[in-house]
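Side-chain atoms are counted along with the backbone in the values below, which use heavy atoms only and exclude waters and symmetry mates. Along the sequence shown, residues are numbered consecutively beginning with 1.
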Amino acid sequence: MTIEIDTPTIISQKADYKKVVALCEKGKYSEAKPILKNLTEKNPTNSEYHRIMGQILSDEGDQEEAINCLIDALRWDPKNGYGLIMMGNIFARNKGDMATAIKYYNEAIAQNPNDHIAINNLGTNLLKLGKWEEGMKYLENAYEINSNYPNTLYGLALANEHLGNVLIAFEWSVSAMKKCGKNDTNLFNHALKFTLKTAEEFVKTDAGKKVFNEYKSYLEIQTDKSIKVEVDNSISTAAKIEFAENYNRDYHLIKYKEKYLAVEHLMLHELVHLDFVHEA
């Protein structure tokens with residue numbers, strides 16, 4: 001048997017391959033496809049050429065042809081992790097076939113146990129199946145491997161909210177927004193909407209009122225005066241405090257506008273003024 005390596009051809013194809021990848025990253029598929037087709041004709045055994053064509057076709061909406069290209073990619077390299085993940089994505093997102101999708105994700109993980117994207121996608125699809133705790137375990141595993149992948153952070157936010165951990169969900173969502181890059185606009189917008197939603201849910205728990213009342217009770221003891229609270233929509237700020245000594249009263253008074261959401265933190269701000277005055 002004689003094995004020949006066509007090094008010059010490989011080197012020449014490398015430049016075109018990089019060009020294809022750069023064009024795809026910019027979404028210029030119409031320019032990338034002719035170059036990629038030429039590369040595939042020259043070297044039909046290159047798994048990545050078929051895999052990238054599958055990615056392009058999937059993004060363009062032709063899922064059937066995308067699957068055919070990915071089948072070719074996996075025929076030449078059954079261990080092509082990105083090819084396995086892409087197949088899983090198509091069956092999950094476009095075919096609604098979670099069982100088949102999970103098989104592809106599991107195969108990608110079997111080939112590379114540290115493939116955080118495959119682990120993330122598996123966890124995300126388990127969430128869609130209603131397997132929240134199991135899905136969250138996979139997402140936590142993906143996070144341990146790569147803590148900067150925003151999709152994982154957002155998945156953990158969704159899982160925690162469903163399990164009733166609203167504040168933790170809020171924090172994961174904020175982290176996801178921070179890790180989003182310039183190509184993650186859609187994910188960023190989803191995370192922003194979710195962050196606002198969980199913030200409103202947390203406000204409804206009255207956690208802010210509890211902290212305010214505890215601090216208020218503490219200052220009533222320290223200043224030896226009661227602190228009254230009343231709604232006053234005529235004031236110029238969201239909240240204000242009137243010190244007893246300035247108004248010849250035997251109590252301090254906090255006024256606030258009722259239209260403000262989570263106004264408790266602004267009322268707490270006024271209590272801090274009282275605390276500082278008493279300390280002085």
Do [X] and [Y] make a side-chain contact, defined as non-hydrogen atoms from C-beta onward lying under 4.5 Å apart?
X	Y	value
I90	L70	yes
L127	L139	yes
F212	I254	yes
K37	K33	no
E161	K197	yes
I71	M87	yes
D72	T40	no
N189	T185	yes

Please indicate whether [X] has more than 12 foreign heavy atoms, meaning atoms of other residues, nucleotides or ligands, lying under 6.0 Å from its [atom1].
X	atom1	result
K128	NZ	yes
E214	CD	yes
K103	NZ	no
N246	CG	yes
Q111	CD	yes

Mark yes or no for whether [X], through its side chain, and [Y], through its backbone, hold a donor-acceptor pair below 3.5 Å.
X	Y	value
N38	P34	no
K209	E264	no
Y105	N89	yes

Requested in this report: Take E144 and H116, measure what side-chain contact (heavy atoms from CB on, under 4.5 Å) needs, and give me the verdict at the end.
Outcome: CA-CA 9 Å; E144 289 178 5; H116 71 94; over 6 Å; no

Could you pull out the closest heavy-atom pair between [X] and [Y], with the gap in Å?
X	Y	result
D184	P150	OD2-CG, 3.9 Å
S173	A191	OG-O, 2.9 Å
W76	P44	NE1-O, 3.1 Å
C24	A32	SG-CB, 3.9 Å
L36	V20	N-CG2, 4.0 Å
F202	A207	CZ-CB, 3.7 Å

Would you call the rings of [X] and [Y] parallel, tilted or perpendicular, taking 30° and 60° as the class edges?
X	Y	answer
Y104	F91	parallel
Y154	H190	tilted
Y215	Y218	parallel

Aromatic ring proximity H265/H269, centre distance under 6.0 Å: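 No.
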
Worksheet entry | side-chain contact (heavy atoms from CB on, under 4.5 Å) assessment of V263 paired with E258 | CA-CA 8 Å; V263 71; E258 58 185 347; over 6 Å; no

Any chance you could measure [X], atom [atom1], to [Y], atom [atom2], to the nearest 0.5 Å?
X	Y	atom1	atom2	result
R51	L74	CZ	CG	10.5 Å
N148	S175	CG	OG	10.5 Å
L274	K225	CG	NZ	9.5 Å
N80	N46	CG	CG	9.5 Å
I227	K216	CD1	NZ	6.5 Å
L158	L163	CG	CG	11.0 Å

> Could you go step by step and tell me if S58 and Q63 meet the side-chain contact (heavy atoms from CB on, under 4.5 Å) rule?
Replying inline: CA-CA 5 Å; S58 178; Q63 306 305 331; 2.9 Å; yes

With a 3.5 Å cut-off and no angle check, do the side chains of Y143 and N120 form a donor-acceptor pair?
->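 No - no donor-acceptor pair under 3.5 Å links their side chains.
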
E270-Y256 side chain donor-acceptor pair, cut-off 3.5 Å
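No pair is found: no donor N or O on one side chain lies under 3.5 Å from an acceptor on the other.
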
- Verdict with reasoning, Q55 to Y82, per side-chain hydrogen bond (donor to acceptor under 3.5 Å, both in side chains): CA-CA 10 Å; Q55 177 94 46; Y82 287 121; over 6 Å; no

Any salt bridge linking E133 with K137? Criterion: basic side-chain nitrogen under 4.0 Å from a carboxylate oxygen.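 Result for this pair is no, no salt bridge flagged.
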
In terms of side-chain geometry, is the basic nitrogen of E242 or R249 positioned less than 4.0 Å from the acidic oxygen of its partner?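 Yes, charged N to carboxylate O under 4.0 Å.
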
L23 vs I35, side-chain contact (heavy atoms from CB on, under 4.5 Å): CA-CA, chis, key distance, verdict: CA-CA 10 Å; L23 289 169; I35 303 172; 4.0 Å; yes

- Check against side-chain hydrogen bond (donor to acceptor under 3.5 Å, both in side chains), Q13 and D16: CA-CA 5 Å; Q13 289 180 3; D16 284 341; over 6 Å; no

